[in-house]
**Q** 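The following block contains the structure, expressed as structure tokens.
Residue numbering restarts at 1 for every chain, and letters A, B, ... go by the order of the sequence lines.
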Amino acid sequence: MLALVDANNMYVSCERVFDPRLIGRPVVVLSSNDGAAIARSEEAKALGIRMAQPWFQIRHLEKTAGLVALSANFELYADMSSRMMAIEARYAPGQEIYSIDESFLDFAGVRGDLVAIGRDLRETVLREVGLPACVGLGPTKTLAKLGNHIAKSAERKPGSYPAHLARVCNLGAMPEEELHRLFAATAVGEVWGIGRKTGARLIDSGVRTVLDFVRADAATIRKQYSVVVEKTLLELRGVACMAFDDAPASNKQIMVSRSFGNAVTSMDGIIEAVSEFATRAVERLRKQHSVAGAINVFFTTSPFRRHDRQHEVGVTLPLVRPTADTRVLVSAAVAVVRRRYRPGFNYAKAGVMLMDLQQAGVMEQGELDLFAAAPKASPAAATPQRDRANLMDALDAVNRRFGRDSVRIASATLASSGSDTRSWAARHDRRTSRYTTRWDEIPQARA
DNA sequence: TCTGGGGTCCTAGGACCC
DNA sequence: TCTGGGGTCCTAGGACCC
């Protein structure tokens, strides 16, 4: 049996732990640049605020409805997440961390009342970390997910489902009749894997509820949609098609991109931004012990500014040899900007993507770089690759110890050393303190 | 004035090979 | 008029997720 544990409104709940005044009020957490709502409290949802809704469309609710908006504080959320995940891991032999606020647990071999265990788990998370969560159980991932959806709905919309399913719901231990009643009460679009497009098409064809869907013919679904949708269907019937994976492979690509706080109209500004994004991306790359075989750099104007002339640059550069060297990748990114930048545009966004990732240190013989220096005869002389790795290790160590960007690549400071003052940097005016990860931002108790 | 930032997997179609 | 048939690899785009 699998469980899916999911924190309720994770980002808002994290903020409430450190500021109880937010409890009971409509609260949203805003994306980078305070651009759009990426988390909503129940009260905010009740105001009709949609996921990813632009801030400028809802900001009037600050005055009229007491809405509180905060800038995303990802450092805080990540730390709260790791605390929560550690507790969840105590309850099952296997854990697959699926996102910042969700993990699958594998209860294979665990005896006893899983609903009782689930209740204990969520109470412990609430007591020790302060985050409310719901637990869904089922024989497959998709059913565990659906159980979680029902557990959450039953909690926040009394009457939508039987009250005893609130907060913890096990779809793996109920008579088919009862299961089908729940399926019939659930829209097909609520199923994990059925998105907007597929959901709309299913409804058009008369498949409205989960029950309609599980009764559909699998082969026909596969033909009309895809194997992915067919797998979802089979999973709802209890046939596991998605493996539980407690040691997920490292990422296959790494992307860092941002909308600018202010439009950038100089090449130096783009170079500076792209240098920083590349630096961040390569840090993540080294953290997972990978090297990149290619880098993609893009920068673009804003399609929302219709009166602006539009221009978009996106270039993928293969690398002679896969690398995790910040200098090489920043240089490559800067070269793209120098070659492709065109003046006279209001650039709104840029990004860097690292691709063709491979594990570091496992280069095939056939992939050896013909142009790399031959190994020196003297055993004392390290190969250039070794030097590189040592330099990057040192860079990471210094920045870990003395703070991010204590040491960095020169082009990343290009514009800020001149008159420009990093006007491209994203705004986050409403960010709360990083209570748990910065000594100087630790919360203070007053007598 | 102001519109998120990450990821994954699958499929179709073209290039290329024998 | 007829115009091979498979296989692989790569890429772009779509759909989905949080």
**Q** Quick one: A:Met255 CE to B:dG6 P, roughly how many Å, whole number?
**A**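 Whole-Å distance recorded here is 6 Å.
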**Q** If you count heavy atoms of other groups shown closer than 6.0 angstrom to CZ of A:Arg90, is the number above 12?
**A**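 More than 12 within 6.0 Å, yes.
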**Q** Give me the ring orientation class for A:Tyr347 and A:Phe345: parallel if the planes are under 30° apart, tilted from 30 to 60°, perpendicular past 60°.
**A**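 If you compare the ring of A:Tyr347 with that of A:Phe345, the planes turn out tilted.
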**Q** Rounded to whole Å, please give me the gap between NE2 in A:His60 and P in B:dT1.
**A** 18 Å
**Q** Could you run through nucleotides 7-18 of chain C and give me one letter per nucleotide, 5' to 3': B if any protein heavy atom sits under 4.0 Å from the base, S if only the sugar-phosphate is that close, - if neither?
**A** --------SSSS
**Q** Does A:Glu276 come within less than 4.0 Å of A:Arg258, counting only side-chain N to carboxylate O?
**A**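 Looking at A:Glu276 and A:Arg258, the cut-off is not met.
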**Q** How many whole angstroms separate atom CD of A:Gln57 from atom P of B:dT1?
**A**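 So the CD-P distance, A:Gln57 to B:dT1, works out to 14 Å.
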**Q** Starting at CD1 of A:Ile38 and ending at P of B:dG4, how long is that distance when rounded to a whole Å?
**A** 11 Å
**Q** Within this structure, what is the CG-to-P distance between A:Leu30 and B:dT3, rounded to whole angstrom?
**A** 12 Å
**Q** In this structure, how many angstroms lie between the C1' atom of B:dG5 and the CZ atom of A:Phe74, rounded?
**A**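 One finds 7 Å between C1' of B:dG5 and CZ of A:Phe74, rounded.
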**Q** Going by purine N1 to pyrimidine N3 plus the second Watson-Crick contact, or the G-U wobble pair, all under 3.5 Å, which nucleotide sits opposite B:dC18?
**A** C:dG5
**Q** Applying a 4.0 Å non-hydrogen cut-off, can you work out what A:Asn251 is touching in the nucleic acid: base, sugar-phosphate, or nothing?
**A**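 It contacts sugar-phosphate atoms only.
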**Q** Specify the separation, in whole Å, of atom CZ of A:Arg59 and atom P of B:dT3.
**A** 12 Å
**Q** If you assign A:Ser259 and A:Ser226 each to the DNA chain B nucleotide with the nearest heavy atom, which residue ends up on the more 5' nucleotide?
**A** A:Ser259
**Q** Please give, in whole Å, the distance from B:dC2 C1' to A:Trp55 CH2?
**A** 11 Å
**Q** Taking the nucleotide of DNA chain B with the nearest heavy atom to each, does A:Val227 or A:Gln253 sit closer to the 5' end?
**A**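 Upstream on the strand: A:Gln253.
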**Q** Classify the nucleic acid contact of A:Arg284 as base, sugar-phosphate or nothing, counting any heavy atom under 4.0 Å across all strands shown.
**A**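 Counting heavy atoms under 4.0 Å across all strands, the contact made by A:Arg284 is with sugar-phosphate only.
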**Q** Side-chain N or O of A:Arg427 versus OP1/OP2 of B:dC2: is the shortest distance under 4.0 Å?
**A**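 Answer is no, no contact under 4.0 Å.
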**Q** Picking from A:Lys141, A:Lys152, A:Lys145, what satisfies salt bridge (Lys or Arg N to Asp or Glu O under 4.0 Å) with A:Glu102?
**A**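 Single pass found, and it is A:Lys145.
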**Q** Between A:Trp192 and A:Tyr98, does the ring-ring contact (aromatic ring centres under 6.0 Å, His included) criterion hold? Intermediate values first, please.
**A** CA-CA 13 Å; A:Trp192 186 46; A:Tyr98 178 69; 5.6 Å; yes
**Q** Measuring from the side chain of A:Lys349 (C-beta onward, heavy atoms only), which nucleotide among B:dG4, B:dG5, B:dT1 has the closest atom?
**A** B:dG5
**Q** Sequence neighbours excluded, which residues qualify as salt bridge (charged side-chain N to carboxylate O under 4.0 Å, His left out) partners of A:Arg215?
**A**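 By the salt bridge (charged side-chain N to carboxylate O under 4.0 Å, His left out) rule, A:Arg215 matches no residue at all.
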**Q** Looking only at side-chain N and O atoms, does A:Ser257 come under 4.0 Å of OP1 or OP2 in B:dG6?
**A**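 Yes, because at least one side-chain N or O of A:Ser257 sits under 4.0 Å from OP1 or OP2 of B:dG6.
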**Q** Using only heavy-atom distances, determine whether the side chains of A:Asp120 and A:Tyr91 contain a donor-acceptor pair under 3.5 Å.
**A** yes
**Q** Any side-chain N or O of A:Ser32 under 4.0 Å from OP1/OP2 of B:dG5?
**A** yes
**Q** Is there a donor in the side chain of A:Asn9 and an acceptor in the side chain of A:Glu42, or the other way round, less than 3.5 Å apart?
**A** yes
**Q** Is the distance from OP1 or OP2 of B:dT1 to the nearest side-chain N or O of A:Arg305 less than 4.0 Å?
**A**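 A:Arg305 to B:dT1 OP1/OP2: no side-chain N or O under 4.0 Å.
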